[in-house]
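Here the structure comes first, spelled out in structure tokens, and everything after it is commentary.
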There are 2 protein chains.
Amino acid sequence: MISEKTIGRLSLYRRLLDRLLLQGKAHVYSHQLAGMAGGTAAQVRRDIMAVGYSGSPTRGYEIRQLIRCIGNVLDDLHGEGATLVGVGNLGRAIMAYFSGRRPHLAIVAAFDNDPYKADRVIHGCPVYAMSRLADVVAEKNIRVGIITVPGGEAQSVADTLVAAGVSGILNFAPVPLRTPPHVYAEDLDVTMSLEKVAFFARQNVLEKEAVKP
Amino acid sequence: MISEKTIGRLSLYRRLLDRLLLQGKAHVYSHQLAGMAGGTAAQVRRDIMAVGYSGSPTRGYEIRQLIRCIGNVLDDLHGEGATLVGVGNLGRAIMAYFSGRRPHLAIVAAFDNDPYKADRVIHGCPVYAMSRLADVVAEKNIRVGIITVPGGEAQSVADTLVAAGVSGILNFAPVPLRTPPHVYAEDLDVTMSLEKVAFFARQNVLEKEAVKP
DNA sequence: AAACTACTGTGAAAAGGTTCACAGCGTGTG
DNA sequence: CACACGCTGTGAACCTTTTCACAGTAGTTT
């Protein structure tokens with residue numbers, strides 16, 4: 001079984017590799033990839049071990065093949081459709097962000113409980129009324145949900161998604177979700193991240209000032 | 001020194017405690033907080049140890065005091081101003097999100113290289129042209145930067161912020177930032193998170209199917 | 001006032017993740 | 001053809017984080 005952290009880094013490596021391909025590169029060494037990803041060479045090699053690809057001691061990794069191997073691990077064979085719930089400021093920004101970016105993992109349906117937002121197409125994605133969630137999720141075979149509703153509604157939306165058959169949720173609401181064990185939920189808590197950054201920004205300033213005298 | 005993970009959880013605990021206060025509660029046990037935060041009671045107790053607050057064996061933690069102790073650790077005494085660079089879809093959503101939410105940590109200036117966006121006020125926050133970044137950051141004593149520009153510009157924006165004196169950066173661009181060691185950078189990579197969720201969503205489905213027969 | 005209860009605080013063990021360090025190898029070179 | 005080079009793959013050491021488990025304690029009951 002591959003660890004959560006490794007999966008995250010593989011996703012990152014792949015995007016970096018895509019960029020290298022565009023630059024016309026064909027091979028890459030672990031230390032180069034590490035430099036771009038902000039990690040160590042040993043870690044890159046370990047992560048790549050997990051996908052079962054082997055590089056050459058002299059040329060490094062063959063970029064095209066490595067991308068394919070990472071894809072074999074990360075991607076569903078037939079592509080994956082995701083759904084987004086909560087077409088507010090943040091929801092629309094996320095939809096714009098993913099619109100046409102990753103063909104194998106696209107947002108294919110959005111929901112909002114404001115009836116004025118329903119039955120439109122935003123950034124290429126149809127918006128439905130909440131009442132149709134279970135139908136649409138089942139019909140389109142959606143396994144991945146994105147929650148961009150206010151904190152107070154997040155848990156009940158999550159419950160609805162789980163009941164509809166979703167087994168992975170990315171949650172932007174500032175509330176940790178409670179989900180059954182067979183559902184993977186990741187909380188992307190912007191407030192927490194910003195407070196962390198503010199804390200360490202201050203620490204760094206204090207340290208610098210402490211070193212001075 | 002307090003670990004990064006603990007700082008993040010403290011931020012979360014504080015918000016949960018705020019909610020409990022509003023509900024009229026005065027005390028809370030570690031296992032209750034753990035239930036809300038999605039962690040274990042032992043972890044909550046360890047985290048609270050780090051802020052140097054002690055609860056009562058019979059009443060648990062006094063909520064009001066605990067909030068104050070967490071604030072002593074997380075917050076700057078005089079409040080902290082943050083700046084956001086990149087007033088696009090995502091940037092505006094983030095600005096709306098923080099507008100008036102946390103008084104001690106507010107976005108007090110935004111920048112964009114589109115001159116049409118400059119010299120306005122969005123969600124209560126003034127928007128400036130990029131050329132004024134160094135001035136404004138210095139004048140307002142800003143230590144925290146938020147990057148919501150496209151990937152290609154993120155690194156150079158980060159360099160600009162660092163040069164202007166920022167010591168903590170929250171990065172939404174899908175590129176890991178390279179920053180000097182005295183600058184704390186957190187990459188909030190939505191693509192990575194979504195691919196992680198998609199991967200584990202699929203794993204869960206496969207597991208369930210594997211258990212069935 | 002003694003006994004009981006259910007909590008906290010924390011040393012110690014366990015788990016998980018990262019880095020070290022080196023054997024092994026494929027290629028270019030003398 | 002033999003050698004030297006600088007990479008990969010990986011066991012083992014190391015470090016960080018989480019969990020266990022229990023002594024200590026403040027209130028509550030008898």
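In what follows, every chain begins at residue 1, and chains take the letters A, B, ... in the order their sequences are listed. Side chains are part of it too, since the values below use all heavy atoms of this structure and drop only hydrogens, waters and symmetry mates.
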What is the distance from [atom1] of [X] to [atom2] of [N], rounded to the nearest Å?
{"X": "B/H31", "N": "C/dG9", "atom1": "NE2", "atom2": "P", "value": "14 Å"}
{"X": "B/K5", "N": "C/dG16", "atom1": "NZ", "atom2": "P", "value": "12 Å"}
{"X": "A/M1", "N": "C/dA15", "atom1": "CE", "atom2": "P", "value": "18 Å"}
{"X": "B/E4", "N": "D/dT16", "atom1": "CD", "atom2": "C1'", "value": "12 Å"}
{"X": "B/L66", "N": "C/dC7", "atom1": "CG", "atom2": "P", "value": "17 Å"}
{"X": "A/R45", "N": "C/dT18", "atom1": "CZ", "atom2": "P", "value": "15 Å"}
{"X": "B/I7", "N": "D/dT17", "atom1": "CD1", "atom2": "P", "value": "12 Å"}
{"X": "A/R9", "N": "C/dG16", "atom1": "CZ", "atom2": "C1'", "value": "12 Å"}

Would you give the length of the straight line joining atom CZ of B/F111 to atom OG1 of B/T160, rounded to the nearest 0.5 angstrom?
->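 B/F111 atom CZ to B/T160 atom OG1 measures 11.0 Å (nearest 0.5 Å).
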Is A/S3 touching bases, backbone alone, or none of the nucleic acid, heavy atoms closer than 4.0 Å?
->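 Sugar-phosphate only.
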Identify whether any heavy atom of A/T6 sits under 4.0 Å from a base atom; if not, whether one sits that close to sugar-phosphate; answer base, sugar-phosphate or nothing.
->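 A/T6: no heavy atom of the nucleic acid under 4.0 Å.
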Nearest of D/dT19, C/dC20, C/dG24 to any side-chain atom of B/A42?
-> D/dT19
Would you mind telling me which of D/dC7, C/dG9, D/dT10 lies closest to the side-chain atoms of B/M49?
->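 So the side chain of B/M49 is nearest to C/dG9.
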Closest approach of A/L33 to A/V28 (non-hydrogen atoms, all atoms of both residues) =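 Heavy atoms only, the tightest pair is N-CG2, 4.2 Å.
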Does any donor-acceptor pair link the side chain of B/R46 with the base of C/dG11 at a separation under 3.5 Å?
->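 Between C/dG11 and B/R46, which were checked side chain against base, a qualifying N/O pair under 3.5 Å is present.
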Return no unless some side-chain N or O of [X] is found under 4.0 Å from OP1 or OP2 of [N].
{"X": "B/S30", "N": "C/dT8", "value": "yes"}
{"X": "B/T58", "N": "C/dA6", "value": "no"}
{"X": "B/S54", "N": "C/dG9", "value": "yes"}
{"X": "B/Y61", "N": "C/dG9", "value": "yes"}

Presence of salt bridge, B/R68 and B/D75, under 4.0 angstrom |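 Between B/R68 and B/D75 there is no salt bridge, as every charged N stays at least 4.0 Å from the carboxylate O atoms.
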Any side-chain donor-acceptor pair under 3.5 Å between A/Q155 and A/D159?
->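 On atom types as modelled, these side chains qualify, holding a pair under 3.5 Å.
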Nearest-nucleotide comparison on DNA chain D, the residue closer to the 5′ end among B/Q43 and B/R59 = B/Q43
Test B/N171 against every option in B/T179, B/D187, B/T148, B/D189 by the side chain to side chain donor-acceptor pair (under 3.5 Å) rule and name the one that passes.
-> B/D187
